[in-house]
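Single-structure report; data block below.
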Amino acid sequence: MSSKSEIKQFILGNYLFTNDESALADDDSLLQKGIVDSTGMLELIMHLEEKYGIKVAEDEMVPANLDSVVKITAFLERKLAK
Amino acid sequence: MSATLVANLRSTAGRTPDQVALVKGERAVTYGALWSMACRFAGGLRTAGFAAGDRLALGLENSAEYVAAYYGTLLAGGIVVPLNVAAKARDFEFWLKHCAASWVVCSAENRELLAAAASIGTKVVTTGGVAPGAMAFTDIEGEFGDRATPDAHAPACILYTSGTTGSPKGVLLSQHNIASNTDAIVTYLGLTATDSIVCVLPFYYSYGNSVLHTHVKVGAKIVLDDNLVYPHKVVDNIARSRVTGFAGVPSTFALLLGRVTLKDFDLSALRYLTQAGGAMSVATTQKLREALPRAALYVMYGQTEASARLTYLPPADLDRKLGSVGIALPGIELEVRSETGERCAAMQTGTVWAHGPNVMCGYWDNPEATAKTLQGGWLNTGDVGYLDADGFLFLAGRRSDMIKTGAHRVHPKDVEEVIEELAEVAEVAVVGVDDELLGQAIKAFVVARSPGGIDVMQLKAHCRQRLANYKIPKYVDLVGSLPKTASGKIRRHELVERQTE
């Protein structure tokens, strides 16, 4: 599974409680759609750190990196390429 | 004559019309502009036939429109009913019906509230566009001759707390209730027009409500920040805006301390912090003081039924009285009473009762609950604790099963009712379990009608449709049976204890 679909499945399963991919568009804002709250975001970050062995720094915890499936995937790829 | 909230805004706008009241992102609104917006809104309501005592349900995020609609409704002699914007149609419908709201103000994108309003047939006003059948917020305008002075003791605001559909708890407050509490808070915090705050608390809860009214009273600036999904950004905002204050609940501070290196920011302008909304652990309190040694920390306690605040712990007494929620606010009396209603001696544990100008008028349209809670002018807080010899209150918990998760209160029955809607569910019990960040997390113990008959993901998905996100159980345990008393009552304590074993 690509990291993008894995991340999407994680969000679907843990916040929307479904496997239905159509429930979430790749560029949906997780904040504006009310999909994650502050603890949800921490869980998401923990998941990224554990699953992909990266460390999300404080100043990387910004919407530009984390607010949608597309943004998270791009952020993850940048981190992994380092 | 008693002070009113509208008089506070009028006076601040008259004194310092150009002072910034609210900042949200790039948008700044002055007190003069805010007062004009409130008057226009009040005039618009009156023109459209809104009568004194009518209820207006206010379902907006923190914004200038929220404040204008709140104060505008009071100016028009109405009762404002702030609603949790994250709620679902099920809750909205229930609240709108219970208070018989004739108007709803919400975002054009709040589908759940719009659906509830449509099913009941209220007038609807939307911000951020015009929803079908609704009026635009900016079109609610009219001349409002500044002649009417609403009665300070008349009903002004209903705040729904975590009741259930069976027992609605709409806390009814007068302007006098809130304004007197506002004055007391302003005094102990030493708030002035030179103060400013980054506010992450929603105005529709009594804590956020009190942040709003206290700042309006003195003409201080409120910088609105969305929420804590990105804690780093909130701290950055506190630093950049050079605010003098910050208000949070225990989970707010746990999150900021856990995820942000506070010493990397210039927070030197921060004069004080307030903490309410449940007990914060001594460890978190100490960490917070170490991280921000120059900011005075005010630990506070209260409840919606008391407008907001009942006690505060003067920062100078924090070390001496660690673990206490402090002393009664000026004008408020506290008593700890035994099961039989007698006044307890110092150090003796009992139920906390309070008396003062901030105590609610009662629960809206619920005389039974009112009679249980208000007796002889005294408020039964339902909280258990003791007063020490110096009059400092120490809390030991609540008699009720209410779950405190983050900034929210959740009644277990509210969640149980929704889970019971599923045909596969035979029985369910919901409890709060310890959670490092949230204080408590929601856990559901579910008995299936037939073995293997419940899909946990489906159960959560159903909850998500029917309940605000913060009410969805974090944990679901499928069990064979629930522990019960001889009379068939579920033993919740046993379920909680199972958790800690």
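In the text below, chain A, chain B and the rest are named by the order of the sequence lines, each starting its count at 1. Just so we're clear, the structure is a prediction, and the values are computed from it rather than from any experiment. Values reported hereafter were calculated over all heavy atoms of this structure, with side chains retained and with hydrogens, waters and symmetry mates removed.
The CD atom of Glu60(A) sits 13.0 Å away from atom OH of Tyr230(B), with the distance rounded to the nearest 0.5 Å. Atom CZ of residue Phe17(A) and atom CE of residue Met457(B) lie 9.0 Å apart, to the nearest 0.5 angstrom. Between the CE atom of Met41(A) and the CG atom of Leu228(B) there is a distance of 12.0 Å, given to the nearest 0.5 Å. Interatomic distance, Leu438(B) CG to Thr39(A) OG1, rounded to the nearest 0.5 Å: 5.0 Å. We find the CG-OG distance between Leu256(B) and Ser38(A) to be 9.5 Å, quoted to the nearest 0.5 Å.
Heavy-atom proximity under 4.5 angstrom to chain A picks out His232(B), Lys233(B) from residues 232-243 of chain B. Residues of residues 466-475 of chain B lying within less than 4.5 angstrom of chain A, judged on heavy atoms, are Asn469(B), Ile472(B), Lys474(B) in numerical order.
Within 6.0 Å of the CD atom in Glu436(B), the count of heavy atoms belonging to other residues, nucleotides or ligands does not exceed 12. Atom NZ of Lys79(A) has more than 12 heavy atoms from other residues, nucleotides or ligands within 6.0 Å. The environment of Glu65(B) atom CD is dense: over 12 non-hydrogen atoms of other residues, nucleotides or ligands sit within 6.0 angstrom. For Arg78(A), the CZ atom is densely surrounded, since the number of other residues' heavy atoms within 6.0 Å is greater than 12. Shown here is Glu109(B), whose CD atom has no more than 12 heavy atoms of other residues, nucleotides or ligands within 6.0 Å.
Between chain A and the residues Asp435(B), Val260(B), Leu255(B), Leu437(B), the most heavy-atom pairs under 4.5 angstrom are made by Val260(B). Across Asn14(A), Val36(A), Thr18(A), the residue that shares the most heavy-atom pairs under 4.5 angstrom with chain B is Thr18(A). Ranking Asp59(A), Asp37(A), Leu30(A) against chain B, the residue ahead of the rest is Asp59(A), based on heavy-atom pairs under 4.5 Å.
Arg464(B) places a side-chain heavy atom less than 4.5 Å from the side chain of Ile35(A). Put simply, the side chain of Ile45(A) reaches to within 4.5 Å of the side chain of Arg259(B), judged on heavy atoms.
Within the structure, no pair that satisfies the salt bridge (Lys or Arg N to Asp or Glu O under 4.0 Å) test touches residues 63-75 of chain A, not counting sequence neighbours. Contacts classified as ring pair (Phe, Tyr, Trp, His ring centres under 6.0 Å) and involving residues 29-51 of chain A (residues at least two apart or in different chains) are given here: Phe10(A)-His47(A).
Interface remark: Leu66(A) contributes backbone and side-chain atoms alike to the contact with chain B (heavy atom separation under 4.5 Å). Contact of Thr261(B) with chain A is made through backbone and side chain together, with heavy-atom distances under 4.5 Å. Contacts of Leu16(A) with chain B are made by both backbone and side-chain atoms, with heavy-atom separations under 4.5 Å. Looking at Gln32(A), there are no atoms closer than 4.5 Å to chain B (heavy atoms on both sides), in backbone or side chain.
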